[in-house]
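First the proteins, then the strands, lettered A, B, ... as listed; each starts at 1. No experiment lies behind these values; they were computed from the predicted model shown.
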Amino acid sequence: MPELPEVETTVRDLQKKVLNRTFLDVWTDFPKMIKQPESFEQFKKEIKGKKIEKIWRRGKNIIFDLSGSYSLLIHQKLTGHLLIGNWELEIACPVGSRRLSFGGKWKPLKKGPLEEPVNRYIHLMFWLDKGLMLALSDLRKFAKIELLNKETLKKELSSFGPEPLGKNFTFEKFQACFKDKKGKIKQVLMDQNVIAGIGNIYSDEALWRAKIHPLKDALVLKEKELKEIYKAIQEVLKKAIELGGESISDYRNPEGKKGFFDKERRVYQREGEKCSRCATKIKRLKIAGRSAYFCPSCQKGEEDKFSSSPSLP
DNA sequence: AATCGTTCCTGATAGC
DNA sequence: TGCTATCAGGAACGAT
């Protein structure tokens, strides 16, 4: 699942490899992923000949500013990957085929993890100049692409909360994010309009680091607790970027390589394992339809209210 | 106006 | 063995 650190890793890689490249052509077998403009033909017409002038990130969104008045907005959602290849692949990816070899070899279509050279999940392919290709693979087909003029883009991004690693993102600004924000802290942290870029993994990891129970009401958090969360978010996101993101699920960078955040992952998808701080078994619960992993001992909180026996007179 | 449930999609896994 | 049912997951959208 790409969240801020994975998207950042992807963006940095893209900046190195496809900045200043020009789109020559595009292919898809799933036009539905392109939300704007409405027809793929229109999309193709607009993007052909446009140069990638800037590559940046806002929350979990990747943005290519193009020559002319458009920007390309890409959201990878759960299983999207932007992958870079080269023109050898043009032969390997004839229009209409679901097969593509990133190792330069043909293989029959079959099931398999992403490490295999065959990636049958590529649903969008760009041909760039200088012999490069940029593919979007997406197992779940939830990824979203939009070609927007700069003003519409600005509007779309305007509701997002601040960047947690932004230069002037002070504690006071963080604190302000929570003003009048009802709901459990876990939910609030994942709300892109409160703070941008945090999803299921890093909300769990940050709350574990801050020793805050995910079910705790955001409104009742004391300044001291908020400070802990603020610190934890920045630390865990920075660490994850340093390590190239997490790959517990299927995230890969544009070269198809895994990230190494796994060695820092303390609670997410570790139900039943021992907490690395106190050896208590990690628990999982559902919050607003999402899994939340936490240590019931380190992260004391709401459920104690209900589980403790009432005191007798 | 906020908040809840549903939807998109497919692979993995559980249950029979 | 092979089938079907259930679930995960971000965010847009519809419903209340």
Side-chain angles (χ1 to χ4, degrees), chain A residues 1-8 10 28-36 38 57-63 73-82 98-99 109-116 118-124 136-146 148 152-153 155-161 164 177-206 214-215 217-219 237 240 245-252 265 267-272 282-294:
Chain A
M1 251 188 316
E3 298 180 24
L4 189 151
E6 291 74 35
V7 179
E8 181 64 28
T10 298
T28 187
D29 68 346
F30 190 64
K32 236 178 122 176
M33 79 165 83
I34 293 147
K35 309 290 178 194
Q36 215 43 258
E38 278 177 30
R57 178 187 65 72
R58 181 75 174 92
K60 303 176 197 169
N61 294 275
I62 297 169
I63 299 132
L73 179 84
I74 302 168
H75 195 306
Q76 306 175 93
K77 295 282 178 80
L78 304 171
T79 53
H81 307 82
L82 284 170
R98 293 178 143 254
R99 304 176 196 179
L109 184 63
K110 62 165 193 166
K111 291 189 180 183
L114 290 170
E115 286 87 352
E116 288 190 18
V118 172
N119 185 341
R120 68 202 189 91
Y121 304 115
I122 287 173
H123 298 299
L124 182 72
L136 178 67
S137 96
D138 187 12
L139 185 152
R140 293 276 186 276
K141 292 182 169 176
F142 284 172
K144 180 184 89 168
I145 306 265
E146 286 177 300
L148 306 165
T152 316
L153 174 76
K155 220 177 278 170
E156 282 216 6
L157 298 178
S158 64
S159 61
F160 279 59
C177 293
F178 289 87
K179 192 164 161 47
D180 301 328
K181 284 289 177 299
K182 286 179 213 158
K184 316 297 179 199
I185 180 63
K186 158 99 174 162
Q187 275 178 278
V188 177
L189 286 180
M190 292 203 299
D191 185 338
Q192 301 304 299
N193 297 331
V194 173
I195 181 166
I198 298 171
N200 220 10
I201 299 169
Y202 295 102
S203 57
D204 281 358
E205 294 298 320
L215 277 179
D217 251 311
L219 281 175
L237 294 178
E246 62 75 38
S247 290
I248 183 179
S249 170
D250 72 348
Y251 171 74
R252 300 294 183 276
R265 183 170 54 87
V267 284
Y268 183 75
Q269 287 202 6
R270 290 203 185 281
E271 187 180 16
I282 303 299
K283 269 194 180 175
R284 169 161 91 141
L285 48 82
K286 282 248 178 193
I287 301 176
R290 296 282 169 271
S291 299
Y293 300 86
F294 68 105

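An OP1 or OP2 oxygen of dA11(C) is reached within less than 4.0 angstrom by a side-chain nitrogen or oxygen of H75(A). The shortest distance between the side-chain N/O atoms of Y268(A) and the OP1/OP2 oxygens of dG9(C) is below 4.0 Å. For the pair Q192(A) and dA11(C), the criterion of a side-chain N or O lying under 4.0 Å from OP1 or OP2 is met. Within the 4.0 Å cut-off from OP1 or OP2 of dT10(B), not a single side-chain nitrogen or oxygen of T79(A) is found.
Remark: K186(A) pairs with N200(A), S203(A), D204(A) by the side chain to side chain donor-acceptor pair (under 3.5 Å) rule, at least two apart or across chains. Residues forming a salt bridge (Lys or Arg N to Asp or Glu O under 4.0 Å) with E146(A) (at least two apart in sequence, or on another chain): K144(A). Listed by chain and number, the residues in a side chain to side chain donor-acceptor pair (under 3.5 Å) with Q187(A) amount to none (sequence neighbours excluded). Contacts of F160(A) classified as ring-ring contact (aromatic ring centres under 6.0 Å, His included), with partners at least two apart in sequence or in another chain: none. For R140(A), there are no side chain to side chain donor-acceptor pair (under 3.5 Å) partners at least two apart in sequence or on another chain. Taking N61(A) as the reference, nothing meets the side chain to side chain donor-acceptor pair (under 3.5 Å) condition, with sequence neighbours excluded. Qualifying side chain to side chain contact (heavy atoms under 4.5 Å, CB included) partners for L219(A), counting only residues two or more places apart in sequence or in other chains: K182(A).
Note that CD1 of I198(A) and CG of D191(A) are 10.5 Å apart. Values are rounded to the nearest 0.5 Å. K184(A) contributes atom NZ, which lies 13.5 Å from atom CE of M190(A) (distance to the nearest 0.5 angstrom).
Contacts of D138(A) with the nucleic acid, taken as non-hydrogen atoms under 4.0 Å apart, are absent. In this structure, Q269(A) reaches the sugar-phosphate backbone alone: every heavy-atom distance under 4.0 Å involves primed, P, OP1 or OP2 atoms, never a base. Residue F160(A) is out of contact with every strand shown, counting any heavy-atom pair closer than 4.0 Å. K181(A) comes within contact range of no nucleotide atom at all, as no heavy-atom separation falls under 4.0 Å.
Taking atom CD of residue E156(A) and atom P of nucleotide dA11(C), one finds them 13 Å apart after rounding to whole Å. In this structure, the CG atom of N193(A) is 13 Å from the C1' atom of dG10(C), given to the nearest Å. If you take CD of E271(A) and C1' of dA8(C), they are 13 Å apart, rounded to a whole angstrom. For the pair Q76(A) CD and dG10(C) P, the interatomic distance rounds to 13 Å; values are reported in whole Å. In this structure, M1(A) atom CE and dC7(C) atom C1' are separated by 14 Å, rounded to whole Å. If you measure from atom CD1 of I287(A) to atom C1' of dG10(C), you get 16 Å, rounded to the nearest angstrom. Atoms CG (N61(A)) and C1' (dG10(C)) sit 11 Å apart, rounded to a whole Å. Per the geometry, OH belonging to Y121(A) stands 11 Å off C1' belonging to dA12(B), to the nearest Å.
Summary for the helix from dA2(B)-dT16(C) to dC16(B)-dG2(C): the axes at its two ends, each from 5 pairs, differ by 50° when rounded to the nearest 10 degrees.
Using the six-membered ring where Trp is involved, Y268(A) and Y293(A) have ring planes that are perpendicular, over 60° apart on the 30 and 60° scheme.
Nearest nucleotide to the L78(A) side chain, out of dG9(C), dA11(C), dA12(C): dG9(C).
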Within the 4.0 Å limit for protein heavy atoms, which parts of nucleotides 3-9 of chain B are touched? Write it as a string from 5' to 3', B for base, S for sugar-phosphate only, - for none. S----BB
